[in-house]
**Student:** 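If you scroll down you'll find the structure; I have some questions about it.
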Amino acid sequence: MLSTEDRITKTNLSPRVIKILHDNNIYFIKDIWVLKRKDLKKMSLTDKEIKSVIITLQLEGLDLGKKIYD
């Protein structure tokens with residue numbers, strides 16, 4: 001299980017998504033965890049890519065907007 005301190009490169013996100021996140025100075029899960037969907041949209045991620053980010057985080061018990069699931 002990943003923690004918020006882990007790098008986003010440890011996730012199974014596509015290389016394109018990781019590159020866009022790195023271009024926006026997002027390197028750790030804790031950096032993306034605090035964002036909202038519209039923040040990701042402003043980074044030019046598509047709805048499908050945003051959904052993959054959300055699903056990846058949810059599989060680790062996290063969600064956008066600082067939500068944690070047990």
Side-chain angles (χ1 to χ4, degrees):
M1 185 166 199
L2 297 175
S3 78
T4 57
E5 298 298 322
D6 288 326
R7 293 188 160 275
I8 59 169
T9 52
K10 285 189 167 183
T11 65
N12 64 348
L13 292 172
S14 73
R16 175 180 150 48
V17 172
I18 291 174
K19 180 180 179 343
I20 291 171
L21 293 172
H22 283 176
D23 290 347
N24 286 279
N25 297 317
I26 296 174
Y27 300 100
F28 295 94
I29 293 174
K30 67 181 177 183
D31 298 332
I32 196 169
W33 178 54
V34 298
L35 301 176
K36 297 190 181 336
R37 178 184 277 272
K38 72 177 170 182
D39 298 325
L40 296 176
K41 193 77 166 168
K42 288 179 188 174
M43 293 179 198
S44 75
L45 288 170
T46 65
D47 287 331
K48 185 176 179 181
E49 292 167 334
I50 293 170
K51 189 157 188 112
S52 75
V53 169
I54 291 169
I55 290 170
T56 299
L57 288 176
Q58 286 176 341
L59 289 172
E60 297 300 331
L62 303 169
D63 202 350
L64 295 178
K66 292 187 179 181
K67 295 177 187 161
I68 299 177
Y69 304 107
D70 292 328

**Student:** Step by step, work out the side-chain contact (heavy atoms from CB on, under 4.5 Å) result for Thr9 and His22.
**Tutor:** CA-CA 10 Å; Thr9 52; His22 283 176; 3.8 Å; yes
**Student:** Looking at Leu21, Asn24, Ile26, which hits side chain to side chain contact (heavy atoms under 4.5 Å, CB included) with Leu35?
**Tutor:**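 Filter result, single survivor: Ile26.
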**Student:** May I ask you to say whether Asp47 pairs ionically with Lys51, meaning some side-chain N is under 4.0 Å from a carboxylate O?
**Tutor:**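 Judged by the 4.0 Å cut-off on N to carboxylate O distance, Asp47 and Lys51 do not form a salt bridge.
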**Student:** OG of Ser3 to CD of Glu60: how many Å apart, nearest 0.5 Å?
**Tutor:**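 So the OG of Ser3 and the CD of Glu60 are separated by 9.5 Å.
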**Student:** Are Val34 and Met43 connected into the same hydrophobic cluster when the rule is that any two of I, L, V, M, F, W, Y join if their side-chain heavy atoms are below 4.5 Å apart?
**Tutor:**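 In one cluster with Met43: Val34, yes.
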**Student:** How far does CG of Leu45 sit from CZ of Arg37, to the nearest 0.5 angstrom?
**Tutor:**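 Leu45 CG to Arg37 CZ: 10.5 Å, rounded to 0.5 Å.
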**Student:** Please check if Leu59 and Leu40 belong to a single hydrophobic cluster, counting links between Ile, Leu, Val, Met, Phe, Trp and Tyr side chain heavy atoms closer than 4.5 Å.
**Tutor:**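 Shared cluster, no.
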**Student:** Are side-chain heavy atoms of Lys10 and Ile29 found at a separation under 4.5 Å?
**Tutor:**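 In short, these two side chains do not touch, never coming nearer than 4.5 Å.
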**Student:** To the nearest 0.5 Å, what is the distance between CD1 on Ile20 and OG1 on Thr46?
**Tutor:**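 Atom-to-atom, Ile20:CD1 and Thr46:OG1 are 7.5 Å apart.
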**Student:** Do the non-hydrogen side-chain atoms of Lys36 and Leu64 ever get within less than 4.5 Å of each other?
**Tutor:**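 No. Closest side-chain heavy atoms not under 4.5 Å.
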**Student:** Hey, could you give me the CD1/OG1 distance between Ile55 and Thr11, rounded to the nearest 0.5 Å?
**Tutor:**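 Going from the CD1 atom of Ile55 to the OG1 atom of Thr11 covers 13.0 Å.
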**Student:** Just so I know, are the side chains of Phe28 and Glu5 near enough to count as touching, which here means a heavy-atom distance under 4.5 Å?
**Tutor:**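 With C-beta onward as the side chain, the pair stays apart.
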**Student:** Does Trp33 use its side chain to pair, donor to acceptor, with the backbone of Asp63 at less than 3.5 Å?
**Tutor:**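 Looks like yes, one N/O pair under 3.5 Å.
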